[in-house]
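Have a look at the structure below before the remarks.
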Amino acid sequence: MKKDFFDKVYSIVKRIPKGKVTTYGHIAEACGIKSSARTVGWALNSAKNSNLPCHRVVNRVGALTGKIHFGDIHLMEDLLKSEGIEFNEKGNVILEKHLWIPKKSKVSKI
DNA sequence: CAAGTGACTCAGT
DNA sequence: CACTGAGCCACTT
């Protein structure tokens, strides 16, 4: 499967604890492609059909850029608020409080 | 094989 | 402070 990279993204996104968020850049870094956060976003684009909490993935400033493709624009923000995520006056997630950095745990080669 | 696209990020103007 | 251009990687056409 060439989707080995996908697997890593999925594993990481799935492990985001409730009430926490992470950024594309951190996921990318944990996947070993820190230079390409876009690829992470693209991966999620294909993963949006999965049960991944993609609403917990935001860009580096905490903006919910993914909501555009997430479907319901307000749903994403609502889900985060339901989990205890706080937003600043700009409508961005307060990464200072809720940023969760994924561990570079190696994906078990099944 | 080459060019185009993308839910990002950084640096320059 | 806002906008643009370039760089990055993987996938599609």
Side-chain angles (χ1 to χ4, degrees):
Chain A
M1 290 284 283
K2 292 182 179 179
K3 299 180 179 178
D4 190 38
F5 160 72
F6 279 55
D7 242 7
K8 291 180 181 175
V9 175
Y10 297 163
S11 298
I12 293 169
V13 174
K14 282 181 178 177
R15 286 166 191 174
I16 300 175
K18 180 181 176 184
K20 292 287 181 181
V21 298
T22 192
T23 69
Y24 297 98
H26 281 118
I27 295 174
E29 186 178 6
C31 290
I33 57 169
K34 80 168 190 175
S35 303
S36 288
R38 321 181 93 185
T39 310
V40 175
W42 159 82
L44 292 177
N45 184 32
S46 298
K48 72 180 191 302
N49 295 325
S50 302
N51 297 329
L52 300 177
C54 35
H55 54 271
R56 292 184 189 143
V57 183
V58 298
N59 72 355
R60 76 180 178 92
V61 297
L64 307 180
T65 51
K67 70 185 179 190
I68 301 171
H69 295 263
F70 192 73
D72 297 303
I73 295 178
H74 297 285
L75 175 63
M76 194 170 179
E77 187 175 331
D78 199 40
L79 286 171
L80 291 172
K81 287 181 178 177
S82 298
E83 296 184 356
I85 306 291
E86 297 177 74
F87 292 78
N88 62 17
E89 66 276 358
K90 293 180 181 176
N92 295 344
V93 176
I94 302 175
L95 296 175
E96 298 286 319
K97 284 189 172 184
H98 307 288
L99 178 61
W100 173 81
I101 300 176
K103 294 180 180 179
K104 298 181 181 178
S105 51
K106 298 176 183 176
V107 177
S108 303
K109 296 180 180 178
I110 305 172

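Order of the sequence lines fixes the chain letters, A, B, ..., with proteins taken first and strands second; residue numbering starts at 1 for each chain. Hydrogens, waters and symmetry mates are skipped; everything else that's a heavy atom, side chains included, is used.
A distance of 10.5 Å separates CG in A:Leu75 from CD in A:Glu77, rounded to the nearest 0.5 Å.
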Would you tabulate the pairs of protein nitrogen or oxygen atoms and nucleotide nitrogen or oxygen atoms of nucleotides 10-12 of chain B closer than 3.5 angstrom?
residue	atom	partner	partner atom	Å
B:dC10	OP2	A:Arg60	NE	2.8
B:dC10	OP2	A:Arg60	NH1	3.4

Sub-3.5 Å pairs of nitrogen or oxygen atoms, protein against nucleotides 1-4 of chain B:
none

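Residues passing the side-chain contact (heavy atoms from CB on, under 4.5 Å) test with A:Asn92 are A:Val61, A:Ala63, A:Asn88, A:Lys90, sequence neighbours excluded. Here A:Glu29 pairs with nothing under the salt bridge (charged side-chain N to carboxylate O under 4.0 Å, His left out) rule; sequence neighbours left out. When the salt bridge (charged side-chain N to carboxylate O under 4.0 Å, His left out) test is applied to A:Lys97, the partners found at least two apart in sequence or on another chain are A:Glu86. Among residues two or more places apart in sequence or in another chain, the side-chain hydrogen bond (donor to acceptor under 3.5 Å, both in side chains) test is passed with A:Lys14 by none.
Between the CD1 atom of A:Ile68 and the C1' atom of B:dT5 there is a distance of 15 Å, rounded to whole Å.
The ring-ring contact (aromatic ring centres under 6.0 Å, His included) analysis of residues 14-62 of chain A, with sequence neighbours excluded, yields the pairs A:Phe6-A:Trp42. Sorted by first and then second residue, the ring-ring contact (aromatic ring centres under 6.0 Å, His included) pairs with a member in residues 66-101 of chain A form an empty list; sequence neighbours excluded. Evaluation of the salt bridge (Lys or Arg N to Asp or Glu O under 4.0 Å) test over residues 30-58 of chain A, restricted to residues two or more places apart or in two chains, returns A:Arg56-A:Glu83.
Within the 4.5 Å cutoff, no side-chain heavy atoms of A:Ile68 are placed close to those of A:Ile73. A:Ile16 has its side chain out of reach of A:Pro102: every pair of non-hydrogen atoms, C-beta onward, lies at least 4.5 Å apart. The shortest distance between side-chain heavy atoms of A:Leu44 and A:Val57 falls below 4.5 Å. Using a 4.5 Å cut-off on side-chain heavy atoms (C-beta onward), A:Cys31 and A:Val40 make no contact.
The side chain of A:Ser36 lies closest to C:dC8, out of B:dC8, C:dA10, C:dC8.
Across all strands, A:Lys48 comes closer than 4.0 Å to base atoms (heavy-atom distances).
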How would DNA chain C look in dot-bracket form, 5' to 3', counting Watson-Crick and G-U wobble pairs with both distances under 3.5 Å and writing | for bases paired to another strand?
.||||||.|||||
Evaluation steps, side chain to side chain contact (heavy atoms under 4.5 Å, CB included), between A:Val58 and A:Leu95:
CA-CA 9 Å; A:Val58 298; A:Leu95 296 175; 3.9 Å; yes
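Interface residues of residues 37-46 of chain A facing DNA chain B, ordered by number: A:Ala37, A:Arg38, A:Thr39, A:Gly41, A:Leu44, A:Asn45; criterion, heavy-atom separation under 4.0 Å. At a non-hydrogen distance threshold of 4.0 Å, nothing from residues 75-82 of chain A comes into contact with DNA chain B.
Of the residues A:Thr23, A:Asn59, A:Leu64, the one that meets the side-chain contact (heavy atoms from CB on, under 4.5 Å) test with A:Val93 is A:Leu64.
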